[in-house]
Amino acid sequence: MTDRVKPRLSRGLRDLLPEDMLARQWMVDTIRGVYENYGFSPISTPAIEYLDVLTGSAAGTEAQGSIFGVSNPEEEQLGLRFDLTVPLARVMAQHRQLPRPFRRYQVASVWRADKPDKGRFREFTQFDLDSVGTVSEIADTEIIAGMCDTLTALKVGGFRVRYSSRGILNALLTFAEISPDQATDVFRVLDKLDKVGFEKVKLELTSGYQDRSGDVIRGLGLGESQVDRIHRFLGVRAEARQDVVTQLEELFSGVEGAEEEVRAVERISGHLYSLGYGDDQVALDLSIARGLAYYTGPVFEAHLTEAPQFGSVFGGGRYDGLVMRFLGEKVPATGASIGVDRLLAALQHLGRVGGKRTTSEVLVLNMDPSLESEVLGLTFELRRAGISAELYLGKGRNVGKQLKYADRTGVPLALLLGSDEKARGVVTLKDLEAGREKSAEVEKREDWIQARPGQREVPREGLAGTIRELLAEIGS
RNA sequence: GCCGAGGUAGCUCAGUCUGGUUAGAGCGCCUGACUGUGGAUCAGGAGGUCGGCGGUUCGAGCCCGCCUCUCGGUACCA
């Protein structure tokens, strides 16, 4: 009869329970460690920005449809940020006292009102790394190296960072005689090469086609010689970055402005080679376009070789025009953003993270009312010795119930202090994992109870030290 | 946005074609057997506006219409 509210979330939003959250915090801490090792400094900006700040940029124009609007009592035009790069551009324009180059990292939620998909949510976390105020290619090199080091530190298994540049794509436009107003559309189609193959790319560049669900995909109406030149461009592939450079020089010989663009990607490749980032980690791949209206120089993205279906987990590029929107002054910038949620989903899919569901290392059982203050004191004794400990606070006093709780929370150790132990000046420690293994072989309940797997009595004296040794031994 | 398939217990689903008393199963959850030992087993229990609104009918989880959400594909993706 009561009008209960149905507990629910709007589409594309989700809760993160302890198991997810612990894995995620490990990821964030690991990423932060790499970024700080590179000497980048943290900033934070509000989730809410003025709508014109968000939509003013080239990125914002594309983004308008997917910005979440926000209302305030003053009825101002506000929205939730959809990335961390636009707010960074605002910060650079607003806080003129910041030293340049300004090298910052930021980890925060962003929101996009898109259709949700696998590993793709309406609220998600980005972890960005950017250098603002330098045209140096070393800055771009650092970002790429940082991507490699981050993915290595996260133990993602195989990965490949691929890069190209907007300048190379511009040279393609000249080479294939494509008009600048078609550039964005052409880049968007090229970006699909990996996914759909050249035949479909060709159709979409020319006449369009109907996909198998009956949806009409419009063509761009390019001519045969244009498509042929694009085909030759895309044919420039090689395992070694230097081979790609060589082939590209040949293809673009005589194309106006191409020489300098090829030199630029070659210099980045050279820096990377000398730092030990070989062709196995970083590839020069001309098919990546990233469909990004605001990138002006190198663009980069990373995939996991063991989970390519999760798409790009880390991407970025140089955007020399973005701050101009606020300052009227050209401020060069380059950076990358890691999709924490998508990468977490991929790592969970690969079984490389997870399992841990609590921060507690020891659950202290609360069995005998007359010993309650003693076990409470014991719990704090462990905490003060730096061991994460939890006292059972549920209402049932029986051991079975409390061990069941221990099992379900995933805590590695249980500590029993009842009247038996008290009388003898000991406590009982129980390694829960040992029981999990044992339970598979035991059939009769009596045997199970009597086996008391992983259990031992230890002296009450020096307990913290004993527990620390035991935790190290069982690897928790 | 477009095409298709779905929505029944916390989860996975049966029942819908052929409308008929209190709507089912497995898993999970709670309680107990087992009063100081997790698992297994057995017994019992809680849990449902059958996605929503309207229509047809004596009667709708089932038939009809609209809406909504989810899933798959596709498009988009800063």
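Residue numbering restarts at 1 for every chain, and letters A, B, ... go by the order of the sequence lines. As the structure is a computational prediction, the values presented were derived from the model and not from experiment.
Screening residues 139-149 of chain A for side-chain hydrogen bond (donor to acceptor under 3.5 Å, both in side chains), with sequence neighbours left out, gives Tyr38(A)-Asp149(A), Arg103(A)-Glu142(A), Asp140(A)-Arg318(A), Asp140(A)-Thr334(A), Asp149(A)-Tyr277(A).
Nucleotide G38(B) holds its P atom 16 Å from the CG atom of Asp431(A), rounded to whole Å. Computed from coordinates, the Glu437(A) CD to G39(B) C1' distance equals 13 Å when rounded to whole Å. One atom, CG of Leu17(A), and another, C1' of C11(B), lie 14 Å apart when rounded to the nearest Å. We find that NZ of Lys404(A) is positioned 8 Å from P of A40(B), with the value rounded to whole Å. Summarising the geometry, the separation between CG on Leu416(A) and C1' on G38(B) is reported as 11 Å, rounded to the nearest angstrom. In this structure, the CG atom of Asp194(A) is 16 Å from the C1' atom of C77(B), given to the nearest Å. Distance Arg122(A) CZ to C77(B) C1': 13 Å, rounded to the nearest Å. In this structure, NZ of Lys444(A) is placed 16 Å from P of C34(B), rounded to the nearest angstrom.
The base-pairing partner of G39(B), taking Watson-Crick or G-U wobble contacts with both distances under 3.5 Å, does not exist among the strands shown. Across the strands present, G19(B) finds no partner; the criterion is a Watson-Crick or G-U wobble pair with both atom distances under 3.5 angstrom. Partner assigned to C63(B) is G55(B), using Watson-Crick or G-U wobble distances below 3.5 angstrom. Taking a pair to require two hydrogen-bonding distances under 3.5 Å in either a Watson-Crick or a G-U wobble arrangement, G1(B) pairs with U74(B). Nucleotide C27(B) forms a pair with G10(B), judged by Watson-Crick or G-U wobble geometry with both contacts under 3.5 Å.
Shown for residues 445-456 of chain A: residues whose heavy atoms fall under 4.0 angstrom of RNA chain B, namely Arg445(A), Trp448(A), Ile449(A), Arg452(A), Pro453(A), Gln455(A).
Comparing G51(B) with G15(B), their P atoms sit 15 Å apart, to the nearest whole Å. As rounded to the nearest Å, G44(B) and C62(B) have P atoms that lie 33 Å from one another. Nucleotides G24(B) and C69(B), compared at atom C1', are 25 Å apart to the nearest Å. Taking the C1' atom of each, G47(B) and A9(B) are spaced 6 Å apart, rounded to whole Å. The separation of A40(B) from C30(B), taken at their P atoms, amounts to 12 Å, rounded to a whole angstrom. On the C1' atoms, A46(B) is 38 Å away from U56(B), given to the nearest whole Å. With P as the reference atom, U22(B) and C13(B) are 28 Å apart, rounded to whole Å. Here, U16(B) and G20(B) have their P atoms 9 Å apart, quoted to the whole Å.
Taking the side chain of Arg11(A) as heavy atoms from C-beta on, and the options C77(B), C2(B), C69(B), the nearest nucleotide is C69(B). Which of C2(B), G36(B), C76(B) sits closest to the side chain of Lys192(A) comes down to C76(B). For Arg112(A), the side-chain atoms get nearest to C77(B) when compared with the rest of C30(B), G36(B), C77(B). Nearest to the side chain of Asp407(A), among U31(B), G39(B), U37(B), sits G39(B).
The number of heavy atoms from other shown groups lying within 6.0 Å of NZ (Lys202(A)) does not exceed 12. By the neighbour-count criterion of 12 heavy atoms within 6.0 Å, atom CD of Glu457(A) is densely surrounded, having more than that number from other residues, nucleotides or ligands. A 6.0 Å sphere centred on NZ of Lys422(A) holds no more than 12 heavy atoms belonging to other residues, nucleotides or ligands.
Between Tyr405(A) and Tyr392(A), the angle of the ring planes goes over 60°, which puts this pair in the perpendicular group of the 30/60° scheme.
No hydrogens or angles were tested; on distance alone, a donor-acceptor pair under 3.5 Å links the side chain of Arg120(A) to the base of C77(B). Residue Lys422(A) places no side-chain atom within donor-acceptor reach of the base of G36(B), judged by atom type and a 3.5 Å distance cut-off alone.
For an aromatic pair to be called close, the ring centres must be under 6.0 Å apart, and Phe82(A) with Phe68(A) fails this. For His231(A) and Phe198(A), the distance between ring centers is under 6.0 angstrom.
Asp368(A) comes within contact range of no nucleotide atom at all, as no heavy-atom separation falls under 4.0 Å. Within the nucleic acid shown, Thr85(A) has no heavy atom closer than 4.0 Å to any nucleic acid atom. At a threshold of 4.0 angstrom between heavy atoms, the contacts of Leu432(A) include nucleobase atoms, whether or not backbone atoms are also involved. Within 4.0 Å (heavy atoms only), Gly400(A) reaches sugar-phosphate atoms of the nucleic acid but no base atom.
Between Arg408(A) and the phosphate of G39(B), there is no side-chain N or O to OP1/OP2 separation shorter than 4.0 Å.
Salt bridge Arg188(A)/Asp185(A): present, at least one basic N to carboxylate O contact under 4.0 Å.
A residue-by-residue look at Lys401(A) and Lys195(A) shows that Lys401(A) has its nearest nucleotide of RNA chain B further toward the 5' end. Ranked by how close their nearest RNA chain B nucleotide is to the 5' end, Arg342(A) and Asn398(A) are led by Asn398(A).
Under the 6.0 Å distance and 45° angle rule, Arg100(A) does not count as a cation-pi partner of Phe102(A).
Here Arg357(A) pairs with Glu19(A) under the side-chain contact (heavy atoms from CB on, under 4.5 Å) rule; sequence neighbours left out.
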